Number of protein chains: 2
Amino acid sequence: MREVDAEAEVAAWDGVEPEAARRLLSAGVEAFAERGYHATTTRDIAGRAGMSPAALYIHFRTKEELLFRISKVGHERARRIVAEAAGAQASPRERLGRAVRDFARWHAEHHTTARVVQYELQALGEEHYAEIATLRRDIDSQLRGIIEDGVRGGDFAVDDIPGTSLAVLSLCVDVARWFSAAGSRTPDEVGALYADLVGRMVTGCAGPARP
Amino acid sequence: MREVDAEAEVAAWDGVEPEAARRLLSAGVEAFAERGYHATTTRDIAGRAGMSPAALYIHFRTKEELLFRISKVGHERARRIVAEAAGAQASPRERLGRAVRDFARWHAEHHTTARVVQYELQALGEEHYAEIATLRRDIDSQLRGIIEDGVRGGDFAVDDIPGTSLAVLSLCVDVARWFSAAGSRTPDEVGALYADLVGRMVTGCAGPARP
DNA sequence: GTCTATAAACTGATAGAC
DNA sequence: GTCTATCAGTTTATAGAC
C-alpha cells in the first residue's frame, strides 16, 4: 500500500529533471504529509530518496524551497481541476457538480500531496507564500464564479454567495485531512457524495420536513 | 486584538492551578496556533508566559504534555457542545441546527484553541493520542445519532448517513483553519450560515432547478 | 517555584574529496 | 552529482543556587 502510494506520487513530477530531484520531491511529500514540515529532517527526506543528507542541497537551495516546489505543483494541479470545470460548456449546476466532484476526488486520491499543499502553507517563506496565495485566490474565484452564474440565472437559491463558496471550498479541502486510503470510501465515492451534498446546499426548497 | 484574544483564551483554563500553569497553557495555545507545535520552542512558550525556559518543566513534564493538556480541555469543550445539542428535547432538525451552529461558532470564536485541537493531533504521543481519539469518536457518534434520528423519523432525506455525518463534522472543523478574527464574518454569522447550509444538505427535494 | 547555567543531542547547511 | 565529514547554531530538558 505504501509503495503503491509512493509510485503514484512520483508520477506527478513529470516535468522535473533530473530524476534525483523527482525522488527528493516525492520523498518530501511523503515525509511532510506524515510528520509535518517542521518535524521532518533533511536527513529523513534524503534517506527516503536513497541519498546522503548533502545530496538534497544539490537540487534544492533549502528545505523550504523543496516545500515550495511541492506546494506550487500541487496548487497548479488543483487550480487546473477547478478551472476546467468552471470553464466547461454546461449549466452552472453541471459545472458546480463537476468542480466539486473532481476537486474533492483529487484531495482524496492525492491526500498525501494535498495534505502538504493545504496544511503546510505556514512554513513557506514570505515571498513563496505570496506566490502560492495568488493561485489560491484564483481557485477561490473560479468556484465563486460558478455559484454567481447559477444564482444570476435562477439555477441556484443561495443567500450568501461568498460564504457558500467558502464553505464548499473548505469542505473539499478538508478531505485531505480525514481521508485514508485504508478507509471504506474510494476517491470516486467521496467525489460523488460531495457533489450531491453541495448540489443540495445551493438548492432552496420547501422539501419534506423543512420548516 | 492580540491581548483581547489572549485574555479570552486564558479564561478557558478555569480549573487549572496554579496560575503559572494557566499562563503556560494560554501561551502554548497562542504559539502552537501561530507556528505549529514543532516550530514552537519551549523558550517561546515560557517567554510569552513571562517565565524562564526552565519554569515550564515545573508544571509540565514535557512539551508534549503541555500540548496534550490543551488538546484534552479543547476536545472536552467541543464534545460538550455537540452532546448538549444532541441530547436536547427537540426535533432532529432543531438539534442538528443547534449542533452545527454551536460547533461551528466555537471553532470560529476559539479558532486559536481549535486550530491546536484539530491540527496538532499528529504531535501527540501514542497513549495521549488514544485518549483524545476516544473523545473524537464520541463527538462523531453524537452527530451521527442526530442524523440517524432524523432519517428514521422521515425528517431528513439522506442517502449516505455516515458520509453526510463525516462531511458535516469536517465542514465545521475546518472553520478553525480559515477563520480570522480580522475577517468580515463574526462567529455568530458563521454559525448561522453553517446551520442553514447543513439544513439544506439533509433535505431532499425537487426544488427550483434541481433535476 | 523560579532563576541561571549548562548538558546532550539534534538540525540545516557547507567544504572538499572523488 | 554524490559522498563523507563537520560546522555552527538550536533544541529539549536537567542541575543546583536562591
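Keep in mind the model is a prediction, meaning the values are calculated, not measured. Order of the sequence lines fixes the chain letters, A, B, ..., with proteins taken first and strands second; residue numbering starts at 1 for each chain.
Backbone-only engagement by A/A55 is indicated by non-hydrogen atom pairs under 4.0 Å involving sugar-phosphate atoms exclusively. In this structure, B/S52 reaches the bases: a heavy-atom distance under 4.0 Å links it to at least one base atom across the strands shown.
As rounded to whole Å, 16 Å separates atom P of D/dT4 from atom OH of A/Y57. With rounding to whole Å, B/H59 atom NE2 is found 6 Å from C/dG1 atom P. When rounded to the nearest whole Å, the span between CZ of B/F60 and P of D/dT12 equals 15 Å. A straight line from CE of A/M51 to P of C/dA13 spans 17 Å, rounded to a whole angstrom. Rounded to an integer number of Å, the gap from A/R23 CZ to D/dG1 C1' is 11 Å. Between the P atom of D/dA13 and the NZ atom of B/K63 lies a distance of 8 Å, rounded to the nearest Å. A/L56 places its CG atom 15 Å from the P atom of D/dT4, with the value rounded to the nearest Å.
Not one side-chain nitrogen or oxygen of A/H38 sits closer than 4.0 Å to the OP1 or OP2 atom of C/dT11.
Considering only heavy atoms from C-beta on, A/L135 comes within 4.5 Å of A/E76 through its side chain.
Of the N and O atoms on the side chains of A/R136 and A/Q118, at least one donor lies less than 3.5 Å from an acceptor on the other residue.
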